[in-house]
Each structure stands twice: as structure tokens, then as C-alpha cells.
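Below is one structure; the comments refer to it alone.
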Amino acid sequence: TPLEDLTRIDAATQRLLSKNLELAQQLGGIPMTFRGQDVASTILAFAREYAIKILVVGKSRRPWYKRLYGSILDHLERHAEGFDILIADV
């Protein structure tokens, strides 16, 4: 999202993101980065573009009061018509 541009993210978060992308590649994944107005819509656009039918997402660890206006998972559940969503409780 525009608020998450690499120039606006602290160094520790950038390192964590870099390590996660590297791990994905080591495990045989093809790391890709996309820009969009919000995370959920960008995930759905990516999935539609690449004909992905199953989305695996982690459950939010944010407290309930910070999710009052919805979470990425809420948005995905409402707009993911034609997709199966698997929620990993990690």
C-alpha cells in the first residue's frame, strides 16, 4: 500500500521482509511483489491474474478492538468469490 512503501518502513521491518522473501525462494516459491491500494484487493487481483484458486492466509494476531473496522481476512472472505480460503492459525 502507499503507506507501506519501502522508503516509509523501518530498517528492522525491511530486513524481516527480505528474509521472508529469501525463505520463500529457498522453499521453491517464486517471490513476487505487487503494489495496490490495500492488501486484500491486491491479493485477489494477483490470484485472479494467475488463476490461483486456493488462498492460504494466517489468522490475525491483532487485538479484537483493532479489527473493529475489518481485517485483511474479513475483506478476503467478503470478496473472494470463486476462491477457497485456508486459514492457518500460526
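Predicted, not measured: the structure shown is a model, and the values here were computed from it. Numbers here simply count residues along the sequence, with the first being 1.
Looking at Ile72 and Val57, their side chains never come closer than 4.5 Å, going by heavy atoms from C-beta outward. Counting heavy atoms from C-beta outward, Ile87 and Leu73 have side chains that approach closer than 4.5 Å. With a 4.5 Å cut-off on side-chain heavy atoms, Thr42 and Arg35 do not count as touching. The shortest side-chain heavy-atom distance between Leu55 and Asp84 does not fall under the 4.5 Å cut-off. You'll find the side chain of Gln25 stays beyond 4.5 Å of the side chain of Ile30, heavy atoms only.
One hydrophobic cluster, built from ILVMFWY side chains closer than 4.5 Å, holds both Tyr50 and Phe83. Transitive grouping of hydrophobic side chains (ILVMFWY, heavy atoms separated by less than 4.5 Å) brings Phe34 and Ile43 into a common cluster. One hydrophobic cluster, built from ILVMFWY side chains closer than 4.5 Å, cannot hold both Leu21 and Leu16; they sit in different ones. A chain of hydrophobic side-chain contacts below 4.5 Å, direct or via other Ile, Leu, Val, Met, Phe, Trp or Tyr residues, connects Met32 to Val39.
Among all heavy-atom pairs drawn from Arg48 and His79, the shortest one is NH2-O, 3.2 Å.
How far CD of Glu22 is from CZ of Arg15: 14.0 Å, rounded to the nearest 0.5 Å. Atom CG of Asp38 sits about 5.0 Å away from atom NE2 of His75, to the nearest 0.5 Å.
Of the possible donor and acceptor atoms, none in the side chain of Ser18 sits under 3.5 Å from a partner among the backbone N and O of Gln14.
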